[in-house]
2 protein chains.
Amino acid sequence: MADVAKLAGVSRTTVSFILNNVPDTNIPDATRQRVLQIARELNYMPNVQALNLATGKTMMIALVVRQTSEQMSGDAFAGEFIRGVTGVIEAENYHLVIHAAEPDARESTYGKLVRTHKVDGLLISSPLVNDQEVRLLYREETPIVLHGATDTQDIPSVDVDNRQGAYMAVRYLIDLGHRRIGHISNAPFSYASSSDRLDGYCQALAEAGIPYDESLVLAGEFTASSGYEPMRALLDLPNPPTAVFVGSDMVALGAMEAIRSRGARIPEDISLVGFDDILYARYTMPPLTTVRIPAYELGRSAGDLMLKIIRGESLPGTRILLPTELVVRRSTIKCPA
Amino acid sequence: MADVAKLAGVSRTTVSFILNNVPDTNIPDATRQRVLQIARELNYMPNVQALNLATGKTMMIALVVRQTSEQMSGDAFAGEFIRGVTGVIEAENYHLVIHAAEPDARESTYGKLVRTHKVDGLLISSPLVNDQEVRLLYREETPIVLHGATDTQDIPSVDVDNRQGAYMAVRYLIDLGHRRIGHISNAPFSYASSSDRLDGYCQALAEAGIPYDESLVLAGEFTASSGYEPMRALLDLPNPPTAVFVGSDMVALGAMEAIRSRGARIPEDISLVGFDDILYARYTMPPLTTVRIPAYELGRSAGDLMLKIIRGESLPGTRILLPTELVVRRSTIKCPA
DNA sequence: TGATGTTAGTAACTCGCGTTAGTAACCCGC
DNA sequence: GCGGGTTACTAACGCGAGTTACTAACATCA
């Protein structure tokens with residue numbers, strides 16, 4: 001910048017004014033053009049570090065993700081979510097920093113990110129239900145957006161409407177005539193996503209006047225293999241279900257294997273609905289009916305909310321719930337009379 | 001830092017010396033302990049922006065990825081790769097910035113990242129084969145690591161050994177007695193990964209004295225659906241292959257559907273080998289024999305190489321080729337006599 | 001006693017920018 | 001020809017660190 005100033009025969013201040021389009025500085029057009037021209041010739045690019053130091057902003061937002069890949073991988077969710085976030089924030093010149101939080105670390109590593117002024121805001125994916133650090137940072141007025149939920153209601157968050165998704169899935173099975181409907185969750189019920197989906201399941205049953213049978217409800221744990229045993233248990237029941245709503249496509253993969261291992265057919269003997277609509281769902285045998293999560297849109301919403309918070313436009317307590325979509329394929333069929 | 005200095009009754013310089021463990025500064029232990037104690041009490045954390053400005057380093061590395069998700073999604077590759085990179089660089093206090101490059105943009109957006117001192121180095125995933133910007137940045141001594149290859153040999157890069165992987169897969173089919181082996185590529189042959197895999201295919205055939213038959217070689221294009229038509233074309237041949245090596249598991253998914261649509265059986269009528277070992281490969285029917293890509297290790301290697309370059313330890317022209325592994329499942333069988 | 005170290009620091013500069021307060025030169029009207 | 005307003009700038013400070021060059025006070029030795 002000093003170079004530009006020298007060549008243009010003006011002070012650095014003037015150059016700064018011109019390049020930043022500062023209003024109320026009466027600079028004649030001739031000078032302005034000359035400075036801009038020289039800046040272009042020198043291919044001047046501001047040093048963002050100095051800029052950050054002067055303005056106090058970093059133009060960086062961190063995405064804090066869990067180290068364990070089990071929740072992440074298995075589908076393209078993370079990738080799509082990230083694309084959604086970057087799509088929104090890069091348009092406003094922000095950048096995304098990926099930070100792998102170690103789940104077992106005693107002290108949070110991400111608080112440091114904002115306290116050392118490395119990033120302006122924190123996007124936290126699936127925080128622990130009562131993360132003290134998150135609450136503390138929020139009270140310190142750190143811009144935070146959660147993907148998922150905590151027990152502190154007023155922290156802004158973004159999530160998919162798990163209850164509605166599950167409700168739709170089970171409601172669909174009921175409409176097909178099924179009355180005995182099992183459920184294998186995506187994760188232990190201590191996870192919010194898991195218990196919300198269970199709520200949706202219960203709500204659909206209740207509306208149809210079907211009593212809740214706890215022997216039909218079992219927990220999966222993220223992976224395909226975790227769906228195998230629960231499904232076999234359901235099949236071994238004296239009065240097995242004619243349909244099962246599985247809270248995750250990955251878990252459903254294991255469930256399908258269990259059904260096959262018993263020599264039962266999908267959907268003739270048992271209808272199956274998954275959740276997530278992973279890429280592979282359309283290639284299972286038969287293709288899996290499932291609930292689609294809008295990962296890309298979720299990322300966009302999260303990024304958008306973050307920008308609003310940083311600009312001070314957002315109200316506390318904002319929670320954005322994105323609707324899911326039922327994707328009917330061939331793993332579901334009318335309940336045989 | 002000034003606060004710490006004031007409370008300790010010393011100058012800011014002294015505090016800086018102590019906190020940074022600067023050698024050859026004879027500071028008595030009493031003073032040292034007092035300053036450290038006060039810093040701890042005040043929970044002092046350095047402002048990294050100021051630090052960056054002073055040192056000229058940003059401690060940030062950008063991962064430049066393509067906007068199109070076709071190459072990324074479909075498997076957990078991106079996620080695993082990112083985990084590998086962050087695992088290595090965060091240990092040295094570096095952070096990862098994700099930058100979505102727009103493939104159609106005329107001028108590169110990532111050159112700016114380093115020219116404005118936003119990041120210290122560039123990790124570029126699957127660059128275009130003759131990206132001028134990359135070459136220019138490299139000549140400007142920007143630390144760059146490529147994932148994939150370009151035509152400029154001396155830019156450090158990391159990749160999986162595509163040729164060796166393909167060779168192993170085809171060699172395995174030959175060892176099973178197959179002589180008529182088809183190939184459907186993962187992508188158009190203008191992609192380096194694709195032509196390298198074709199090379200491996202050819203090499204295995206040549207070694208076994210099997211003549212190359214170009215009617216057996218067709219191109220896929222990333223997606224599952226792109227594998228459907230080529231496979232049908234192979235099946236429709238007057239003398240169809242007894243085995244097919246597909247350069248991508250996703251593409252193989254479409255191929256499997258094509259085989260089923262013709263009423264043929266896998267592996268009895270046709271053996272199939274994929275590439276990538278995506279998560280679903282073990283859940284196809286039958287489970288797919290494939291070539292595993294070590295995505296996490298690839299990320300670690302890339303991060304490691306980047307750190308070495310930044311430290312000035314790396315030699316130009318470094319290219320790290322990671323070996324693949326053949327994962328035998330049930331989609332391959334001995335060639336029926 | 002005076003020269004020479006050594007100890008324990010500190011003042012002041014730098015990094016590259018934003019920003020505030022101020023000024024010199026010119027113009028206008030009376 | 002003098003006060004007041006406008007035009008076209010600039011000097012200087014601050015952001016929060018790292019870093020260099022210097023000093024004042026004391027100790028040691030010939």
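Just so it is clear, the values below take in all heavy atoms, side chains as well, and ignore hydrogens, waters and symmetry mates. These figures come from a predicted structure and were not determined experimentally. Lettering follows sequence order; numbering is per chain, from 1.
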Can you tell me how far [atom2] of [N] sits from [atom1] of [X], to the nearest Å?
| X | N | atom1 | atom2 | value |
| --- | --- | --- | --- | --- |
| Asn52(A) | dC15(C) | CG | P | 18 Å |
| Asp3(B) | dA17(D) | CG | P | 10 Å |
| Met1(A) | dG16(C) | CE | P | 12 Å |
| Asn47(A) | dT14(C) | CG | P | 17 Å |
| Ile18(B) | dA17(D) | CD1 | P | 15 Å |
| Asn26(B) | dT7(C) | CG | P | 6 Å |
| Asp24(A) | dC9(D) | CG | P | 16 Å |
| Lys57(B) | dT14(C) | NZ | C1' | 19 Å |

Would you kindly say whether [X] and [Y] are connected by a side-chain donor-acceptor distance under 3.5 Å?
| X | Y | value |
| --- | --- | --- |
| Thr58(A) | Asn52(A) | no |
| Thr14(A) | Ser11(A) | yes |
| Gln37(B) | Gln33(B) | no |

Check this for me, if you would: do [X] and [Y] make a salt bridge, where the nitrogen-to-carboxylate-oxygen distance has to be below 4.0 angstrom?
| X | Y | answer |
| --- | --- | --- |
| Arg83(B) | Glu80(B) | yes |
| Arg311(A) | Glu92(A) | yes |
| Glu133(A) | Arg115(A) | yes |

Could you identify which residues of residues 35-42 of chain B place a heavy atom less than 4.0 Å from some atom of DNA chain C, listed by residue number, or say none?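 Those residues whose heavy atoms fall under 4.0 Å from DNA chain C, taken from residues 35-42 of chain B, amount to none.
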At what angle, to 10 degrees, do the two end axes of the helix from dT1(C)-dA30(D) to dC30(C)-dG1(D) meet, given five pairs define each axis?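 Roughly 70° between the end axes, to the nearest 10°.
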Leu63(B)/Val97(B) under side chain to side chain contact (heavy atoms under 4.5 Å, CB included): CA gap, chis, key distance, verdict: CA-CA 6 Å; Leu63(B) 174 62; Val97(B) 181; over 6 Å; no
In chain order, what residues pass the side-chain contact (heavy atoms from CB on, under 4.5 Å) check against Lys6(B), with sequence neighbours excluded?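 Lys6(B) satisfies side-chain contact (heavy atoms from CB on, under 4.5 Å) with no other residue.
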With sequence neighbours excluded, tell me which residues meet side-chain contact (heavy atoms from CB on, under 4.5 Å) with Leu7(B).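 Testing Leu7(B) for side-chain contact (heavy atoms from CB on, under 4.5 Å), a comparison that skips the adjacent residues, returns Ile38(B).
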Scan nucleotides 24-29 of chain D nucleotide by nucleotide, 5' to 3', and note B when protein non-hydrogen atoms come under 4.0 Å of the base, S if they reach only the sugar-phosphate, - if neither. ------
Is [X] touching bases, backbone alone, or none of the nucleic acid, heavy atoms closer than 4.0 Å?
| X | result |
| --- | --- |
| Thr31(B) | sugar-phosphate |
| Ile27(A) | nothing |
| Val48(B) | nothing |

Hey, which of these two, Ala50(B) or Ser11(B), hits DNA chain C nearer its 5' end, going by closest nucleotide?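 Here Ser11(B) is the residue nearer the 5' end.
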More 5' along DNA chain C: Val10(B) or Leu53(B), using each one's nearest nucleotide?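 Checking each residue's closest nucleotide, the 5'-ward one belongs to Val10(B).
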Which is it for Tyr110(A) and Val119(A) under the side chain to side chain contact (heavy atoms under 4.5 Å, CB included) test, yes or no, and what are the steps along the way? CA-CA 10 Å; Tyr110(A) 52 87; Val119(A) 302; over 6 Å; no
Could you go over nucleotides 19-24 of chain C and give all protein N or O partners under 3.5 Å, atom names and distances?
from	atom 1	to	atom 2	distance (Å)
dT19(C)	O4	Thr13(A)	OG1	3.4

If I compare all heavy atoms of Val85(A) with all of Gly299(A), which pair ends up nearest, and what's the gap?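 Closest pair (atom of Val85(A), atom of Gly299(A), distance): CG2-O, 3.4 Å.
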Test item: Thr86(A) side-chain N/O and Ile82(A) main-chain N/O as donor-acceptor pair under 3.5 Å: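 At least one qualifying donor-acceptor pair exists.
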Spacing of CE belonging to Met59(A) relative to OG1 belonging to Thr116(B), to within rounding of 0.5 Å: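 Rounded to the nearest 0.5 Å, the CE-OG1 separation comes to 11.5 Å.
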Please determine whether a side-chain nitrogen or oxygen atom of Tyr44(A) lies at a distance below 4.0 Å from atom OP1 or OP2 of dC17(C).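 Yes, such a contact exists.
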In this structure, is the centre-to-centre distance between the rings of Tyr191(A) and Phe222(A) below 6.0 Å?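 Here the rings of Tyr191(A) and Phe222(A) have centres that are less than 6.0 Å from each other.
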